[in-house]
Amino acid sequence: FTQRLFRLVEARPAAATHANVPEMFSTAARNLRRVTHRSIAAVSDALDSFAFNVAVARIHEFANAIEKAGAAELDDGLAWARFEALRMIAQLISPMMPHLAEEIHARLHPGSASLIAELPWPEADMTLAAAETVTVAVQVMGKLRGTIEVAPNTDEATVLAAAEAEPNVAHLLAGRRIVKRVHVPNRIVNFVVAG
């Protein structure tokens with residue numbers, strides 16, 4: 001795993017720095033930034049509660065996300081998001097692997113005399129960590145028949161309309177009277193039908 005982390009840093013684009021924040025981020029870049037800030041929050045919480053195995057597991061997941069983002073075509077936004085992710089993973093591993101963290105930090109900031117141990121612990125930006133969409137399960141008579149993607153906290157009427165329009169659900173509801181519609185926000189929709 002330590003070799004994987006080191007290879008991730010070595011494979012970064014040479015021009016990527018944290019200096020110039022792009023004005024626009026692609027979907028891949030936004031997703032990586034979301035994972036970055038969720039990882040900061042998860043690792044921080046795990047370390048605060050002395051759940052070191054959980055912190056290590058979240059770091060492994062974070063490394064997988066960085067590696068996966070590297071397979072995409074790098075635009076300016078994604079290159080910046082990868083650089084941010086590599087900086088954060090260096091800080092997150094520093095309590096457990098301080099020597100590797102300092103080496104990664106030195107490679108990301110060549111010529112800098114700063115140490116990662118001198119930096120403040122990263123703070124997660126929860127607005128970036130928030131999901132852009134949620135998956136809502138759609139049931140008919142308590143059986144899962146499909147899923148829909150909606151923005152978090154979408155109003156009930158919009159969610160019900162999208163659920164009724166889902167092809168598998170629309171087929172099952174065709175010609176049947178809906179007795180009851182059950183909506184649990186951001187989680188589930190269930191249609192109870194007669195006959």
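Follow the hydrophobic side-chain contacts under 4.5 Å out from Met97 and you never reach Val54; the two are in separate clusters. Leu119 is not connected to Leu108 by any chain of hydrophobic side-chain contacts under 4.5 Å among Ile, Leu, Val, Met, Phe, Trp and Tyr, and they are in different clusters. Phe6 and Ile93 fall within a single hydrophobic cluster, where Ile, Leu, Val, Met, Phe, Trp and Tyr side chains are chained together by heavy-atom contacts under 4.5 Å. Residues Phe1 and Ile104 fall within the same hydrophobic cluster, defined by Ile, Leu, Val, Met, Phe, Trp and Tyr side chains chained together at heavy-atom separations under 4.5 Å. Taking hydrophobic clusters as Ile, Leu, Val, Met, Phe, Trp and Tyr residues chained together by side-chain heavy-atom distances below 4.5 Å, Trp121 shares a cluster with Phe52.
Counting only distance, with no hydrogens or angles, the side chain of Glu67 and the backbone of Leu5 share no donor-acceptor pair below 3.5 Å. Glu118 places a side-chain N or O within donor-acceptor distance of the main-chain N or O of Leu115, the cut-off being under 3.5 Å. No donor-acceptor pair closer than 3.5 Å links the side chain of Asn190 to the backbone N or O of Val182. Checked by atom type and distance alone, the side chain of Gln91 never pairs as donor or acceptor with a backbone atom of Ile40 at under 3.5 Å.
How far CD1 of Ile66 is from CZ of Phe83: 12.0 Å, rounded to the nearest 0.5 Å. To the nearest 0.5 angstrom, Thr147 atom OG1 is 11.5 Å from Ile188 atom CD1. Remark: Arg177 CZ to Phe191 CZ distance equals 15.0 Å, nearest 0.5 Å. Rounded to the nearest 0.5 Å, atoms CD (Glu61) and OG (Ser39) are 7.5 Å apart. We find the CD-CG distance between Gln139 and Leu144 to be 6.5 Å, quoted to the nearest 0.5 Å. Between the CZ atom of Arg30 and the CG atom of Leu78 there is a distance of 11.5 Å, given to the nearest 0.5 Å.
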Run Leu173 and Val169 through side chain to side chain contact (heavy atoms under 4.5 Å, CB included) and show every step you take.
CA-CA 6 Å; Leu173 295 179; Val169 175; 3.6 Å; yes
Check the pair Val35 / Asn31 against side chain to side chain contact (heavy atoms under 4.5 Å, CB included), numbers first and verdict last.
CA-CA 6 Å; Val35 170; Asn31 289 341; 5.7 Å; no
Where do Leu160 and Arg181 land on the side chain to side chain contact (heavy atoms under 4.5 Å, CB included) test, with the steps shown first?
CA-CA 8 Å; Leu160 290 173; Arg181 293 171 175 86; 3.9 Å; yes
One pair to check against side chain to side chain contact (heavy atoms under 4.5 Å, CB included): Arg187 and Val136. What are the steps and the verdict?
CA-CA 5 Å; Arg187 304 276 313 244; Val136 176; over 6 Å; no
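Nearest heavy atom pair, residue Ile148 against residue Glu166, reads CG2-CG, 4.0 Å. The two residues Ala55 and Ala46 come nearest to each other via the heavy atoms N-CB, 3.6 Å. Closest approach of Val9 and Arg107 over heavy atoms only: CG1-CB, 4.1 Å. Contact record, Ser94 with Ile116: CB-CG2, 4.1 Å, taken as the closest heavy-atom pair. Minimum heavy-atom separation, Met141 to Val193: SD-N, 3.3 Å. Nearest heavy-atom pair, Glu164 versus Ala170, reported as atom, atom and distance to 0.1 Å: O-CB, 3.3 Å.
Within the 4.5 Å cutoff, no side-chain heavy atoms of Phe62 are placed close to those of Arg38. Looking at heavy atoms from C-beta onward, Val138 lies out of side-chain contact with Arg145 at the 4.5 angstrom threshold.
In summary, the side chains of Arg4 and Asn64 do present a donor paired with an acceptor at a separation below 3.5 Å, with no hydrogens or angles considered. Side-chain N/O atoms of Glu123 and His37 include no donor and acceptor closer than 3.5 Å. Ser114 and His105 share a donor-acceptor pair across their side chains, judged by distance under 3.5 Å alone.
With Asn186 as reference, Asn153 is the one residue of Thr154, Asn153, Val159, Thr135 to meet the side-chain contact (heavy atoms from CB on, under 4.5 Å) rule.
For the pair Arg7 and Glu10, the salt-bridge criterion is not met [side-chain N within less than 4.0 Å of a carboxylate O].
The environment of Glu149 atom CD is dense: over 12 non-hydrogen atoms of other residues, nucleotides or ligands sit within 6.0 angstrom. Heavy-atom contacts from other residues, nucleotides or ligands closer than 6.0 Å to NE2 of His60 number more than 12.
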